[in-house]
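Have a look at the structure below before the remarks.
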There are 2 protein chains.
Amino acid sequence: MNLAIGDLSRRTGVKIPTIRYYEQIGLLPSPARTEGQQRRYGPAEVRRLNFIRHARELGFEVDAIRQLLGLADDPDRCCGEVHDITKAHLDEVKDKIARLTALRDELEAMVACDNRRISECRIIEVLADHGECQHQQH
Amino acid sequence: MNLAIGDLSRRTGVKIPTIRYYEQIGLLPSPARTEGQQRRYGPAEVRRLNFIRHARELGFEVDAIRQLLGLADDPDRCCGEVHDITKAHLDEVKDKIARLTALRDELEAMVACDNRRISECRIIEVLADHGECQHQQH
DNA sequence: CTTGATCCTCTAACCGCTAGAGGTTGTAGG
DNA sequence: CCTACAACCTCTAGCGGTTAGAGGATCAAG
């Protein structure tokens, strides 16, 4: 098991430049190199990169992943911090959902305006004058 | 009514560098200048910038706003295109909500793991092995 | 006429990648 | 062993939508 970066990319679904980027920002450790300076990866790197990918898919920011990775390496520790990071992320997601839902309702009301002349179009009016709109703030 | 950029910023709530950025990318026209090259704005620019700000708050991308502004300037035209842009944006918002809702449910299940050792923490397990997780894709 | 707030341009940073140029290395087949 | 070519390397720059800061000019009030 001595994978080139392309193999690692295919196994994890993470694009090659992204893998190099993760190395650059310190999310992935610098791997072994061949004599010609090509990267070679083992199973530990595959696991770590999969962890990173799943966390990104779940919307965790790189900084949060860095923390999670640090914690994951310490099996005897209590996972309270892991819980806290996840909870904070969950709260952000809930908040985003709430804001988008308000947005959706506003847009639904706007698209009810159909096939008029621009000069009497509700959408344009709402955009031109926020007073027309129930939307508060992001 | 001959506003400096700071006045315009205070009136619209758009930060000064952002105003200059909007000018640079062609969202706002180049305004009149004093002899000393300072920008001076009139009521038309205030209206236009408010329009832009509202649209941004509603999550429209700059490109979409560019189109909306072009359409808004043509009062006799039918607003079908305006409707279509807004509808497309609405669909994106709905899609985003759906994905975030799935994410939220996944995170809710994860945070149910509380106060164990890292080695048996569900959150870490889910991140390390996506098979543990109902999440599909975003 | 001086002060000090505000303005100017230019450059670079943020996040999380992604793309391309231009050159080198690894590997399979002949 | 040699060639061909895929895959790799580094480096730089770009995306969107701002925001920040340096270093210097200008405006308006007193």
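By convention in this document, chain letters (A, B, ...) are assigned in the order of the sequence lines, proteins followed by strands, and residues within each chain are numbered from 1. Just so we're clear, the structure is a prediction, and the values are computed from it rather than from any experiment.
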Give the rounded distance in Å between these two atoms: [atom1] of [X] and [atom2] of [N].
X     : N      : atom1 : atom2 : result
A:Y41 : D:dC9  : OH    : P     : 7 Å
B:F60 : D:dG16 : CZ    : P     : 18 Å
A:Y21 : C:dG20 : OH    : P     : 19 Å
B:I19 : D:dT19 : CD1   : P     : 11 Å
A:E35 : D:dC9  : CD    : P     : 15 Å
A:K15 : D:dA7  : NZ    : P     : 17 Å
B:L3  : C:dC7  : CG    : P     : 11 Å

Would you please confirm or rule out a distance under 4.0 Å between OP1 or OP2 of [N] and any side-chain N or O of [X]?
X     : N      : value
B:Y22 : D:dG17 : no
A:R33 : D:dT10 : yes
B:T34 : C:dC7  : no

Closest to the [X] side chain: [options]?
X     : options                : value
B:I16 : C:dC7, C:dT18, C:dG26  : C:dC7
A:R40 : C:dT9, C:dA19, C:dT27  : C:dT27
B:Q38 : C:dT18, C:dC8, D:dC8   : C:dC8
A:R39 : D:dT10, C:dC7, C:dC17  : D:dT10
A:E61 : C:dG16, C:dC8, D:dC8   : C:dG16
B:R56 : D:dT18, C:dC17, D:dT19 : D:dT18
B:P17 : C:dT25, C:dC17, D:dT19 : D:dT19

Assess whether a salt bridge exists between [X] and [Y], defined as any Lys/Arg side-chain N lying under 4.0 Å from an Asp/Glu carboxylate O.
X      : Y      : result
A:K87  : A:E92  : no
A:D7   : A:R11  : no
A:E108 : A:R122 : no
B:E61  : B:R56  : no

Quiz item: If you pin A:Q24 and B:V62 to their nearest nucleotides in DNA chain D, which one's is more 5'?
Solution: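 First, find each residue's nearest nucleotide; the 5'-ward one identifies A:Q24.
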
Exercise. Could you say whether B:Q37 or B:R20 is positioned toward the 5' end of DNA chain D, judged by the nucleotide with the nearest heavy atom to each?
Key: B:R20

Practice problem: Output the distance between atom CG (A:L28) and atom OH (A:Y22), rounded to the nearest 0.5 Å. | Solution: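 A:L28 atom CG to A:Y22 atom OH measures 8.5 Å (nearest 0.5 Å).
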
